[in-house]
Amino acid sequence: MAFWWPIIVLAFAYAICRFLLMLIPPNVPSIDVDASDVLDDGNQTQENSFIYIPPRGRPQQSDRKVQCYEPATMKYLGFFPALTPAEVEERVAQARKAQKIWAKSSFKQRRQFLRILLKYIIEHQELICEVSSRDTGKTMVDASLGEIMTTCEKITWLLSEGEKWLRPEYRSSGRSMLHKKSKVEFHPLGVIGAIVSWNYPFHNIFNPMLAAVFSGNGVVIKVSEHASWSGCFYFRIIQAALAAVGAPENLVEVITGFAETGEALVSSVDKIIFVGSPGVGKMIMENAAETLIPVTLELGGKDAFIVCEDVDIPHVAQVAVRAALQSSGQNCAGAERFYVHRDIYNSFVNQVTKIVKSVSAGPPLAARYDMGAICLQEHSDKLQHLVDDAVDKGAEIVARGSFGHLTEGAVDQFFPPTVLKNVNHTMKLMQEETFGPIMPIMKFESDEEVVKLANDSRYGLGCAVFSGSQRRAKEIASQIHCGVAAVNDFASTYMCQSLPFGGTKDSGFGRFAGVEGLRACCLVKSVVEDRWWPYIKTKIPKPIQYPVAENGFEFQESLVEALYGLNIWDRLRALVNALKIISEQNPVATSKKND
């Protein structure tokens, strides 16, 4: 017992020291970011105070300008240039030059960059959310959930585990290479390109940027033409944090433009990450094939939300409505197909109806509304077409939310939360990606049936399964062909940033987030070296040296059986035979040397 006492005391002292160190705040400098031109303080200039009327029937790119406006009020925000291919190539070249310097940076410097960002985000949550809200129409709460929390979670995961997963990883060397050390090294790819969507303008920039920069890369991000105003402000935050740690200029670039700008980016970088529609994703792949660069595609989704008969109906109904509204015009993390067991179908629909009727939509910064505006122009027409198609085929609208005060020019940017029952898979609403606050609820009778229904989709991004039996929910989720699954919860997988995120089928392939996403930003290099150099070196056995001996193949047969045979006695016999062949070769070689 006396032997253990010193070890126990040392372990206790170590734990106390670690705890005390946690109480000492890290020395993280603050950064200043000019936000004077993004704050809506009522003192805007005449140039930026008018209501913007988007042109109909004429593509915006014909103006060579990316026009920006608030979808909730149609208030004009300004414009940004649509970069030409030559300008894109120049930005990538600048990032490539900076990356060569940054690739030599220490993990300590990279972690400090993350801490500076994290400090700024926490201290300026309201500003970041307000900018996102103005540019995309989402509410402040939705912005906090989808922009702030997810980004902070990613940063803290990288701070905690990022270096560990980028250090060389040693692997087993196998039987034939016992005298070797085997490892995998992770080197920066160079310059990573990202083409991101408008639905989470803050997180969609920071998500690829954080992984790329922490793994030693440069990154050029093309923001959506529907969220360029916010994206260019968020870029200032990144620039200030990079300058604070002495990073080279132009390591990160944010560019604006249309399809031509994105195509030029794909042709110039060493890897492309795309978040958007399946149609555009296919074009990205086609362009990437010209230079054979790796591609990560996070495309559309039509997530299934499955409710078994043994659930807490009020609780799951509240989660379901939140999931449906998160699939609205501001967000894409939501569910779009709802399957409820027939035994509780009517009760569940009634509960959902009660909740949705209390939901109000309106300009998110004007008052407290549960839902904001639709970001995309004319998208409300598409949503109404899907609802009309479902009603024509037998569906019934059972509930719709209400509107708050809307200005005349912004009416088309809003769509009321809508619940439909008696839906089926012949309706477009259950097959096409909605991207809107519509909740189609379908009845199912058995677990086998609901699995078949959930898999009857061209998409395969995610699913959520609710049951009073966790084992049953896990069994159902395991049979659904998708990339992420939540058991008795919704969208929790993305908040676990140690997990990879991505889908299958028309939802894309490749992963970001987690170890897989971080290492996807790297050149993965396999390295083998001598374990006991210079004492034991690799030499080619005599029987298979050139010129190969007559019994060279017999030696190889014996060697293979000695290494991989299933029976220990056969392996020993083969080893003896291999050694015998080598010994027979050595005297011959010695005699030739003496002659």
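Values below: all heavy atoms of this structure, side chains included; hydrogens, waters and symmetry mates excluded. Source: prediction; values computed, not measured.
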| query | Angle class for the F214/F107 ring planes (parallel below 30°, perpendicular above 60°, tilted otherwise)? | reply | tilted
| Can you list every pair that meets salt bridge (charged side-chain N to carboxylate O under 4.0 Å, His left out) and has a residue in residues 521-535, with sequence neighbours left out? | K180-D530, K181-E529, K183-E529
| task | Kindly write out the residues that satisfy salt bridge (charged side-chain N to carboxylate O under 4.0 Å, His left out) with K271, not counting sequence neighbours, or none if the list is empty. | result | none
| field | Counterpart residues, side chain to side chain donor-acceptor pair (under 3.5 Å), relative to Y339 (two or more places apart) | value | R337, H425
| task | Keeping the roles fixed (side chain from S160, backbone from T156), state whether a donor-acceptor pair exists under 3.5 Å. | result | no
| Hey, what's the ring geometry for H203 with Y494, parallel, tilted or perpendicular (30° and 60° as the breaks)? | perpendicular
| Parallel, tilted or perpendicular: ring planes of Y234 versus F202, cut at 30 and 60 degrees | perpendicular
| In this structure, which one of I221, I195, N287 forms a side chain to side chain contact (heavy atoms under 4.5 Å, CB included) with L265? | I195
| task | Please check if the side chain of N455 supplies one atom and the backbone of Q479 the other of a donor-acceptor pair under 3.5 Å. | result | yes
| said: Does the plane of the ring in F501 sit parallel, tilted or perpendicular to the ring in F512? Use 30° and 60° as the thresholds. | reply: tilted
| request: Apply salt bridge (charged side-chain N to carboxylate O under 4.0 Å, His left out) to E557 and list each qualifying residue two or more places apart in sequence or on a separate chain. | output: none
| query | In chain order, what residues pass the salt bridge (charged side-chain N to carboxylate O under 4.0 Å, His left out) check against D456, with sequence neighbours excluded? | reply | none
| Tell me the salt bridge (charged side-chain N to carboxylate O under 4.0 Å, His left out) pairs involving residues 493-516, sequence neighbours left out? | R458-D506
| said: I'd like to know if the side chain of T434 pairs up with that of K302 as donor and acceptor (distance under 3.5 Å, no hydrogens or angles considered). | reply: yes
